[in-house]
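Step one of this worksheet: look at the structure below.
Residue numbers count from 1 along this sequence. Any value given below was found using the heavy atoms of this structure, including those in side chains, with hydrogens, waters and symmetry copies removed.
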Amino acid sequence: MFALTKHMKLFLAAVMSLIFISGCEQAENVTIHEPGVYQGATDSLTTDLAALQERMKKQMDR
């Protein structure tokens with residue numbers, strides 16, 4: 001069969017470790033939490049009182 005020499009094993013280990021850590025270089029899109037600051041999507045019902053009242057009428061069965 002095929003026997004790996006000491007140098008080939010070392011080279012293979014180095015290549016595999018480089019492949020393993022290569023994913024650590026990617027940029028991340030993370031939103032940092034700030035206490036008391038809402039950073040989610042806007043809600044149109046907070047500004048449109050008529051739409052809020054209409055929605056409440058439809059949810060009276062709950």
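Linking ILVMFWY side-chain heavy atoms closer than 4.5 Å, directly or via other members, places I19 and F11 in a single hydrophobic cluster.
Here the CD-CE distance, from Q53 to M56, works out to 9.5 Å after rounding to the nearest 0.5 Å. Atom CG of L52 and atom NZ of K57 lie 11.5 Å apart (nearest 0.5 Å).
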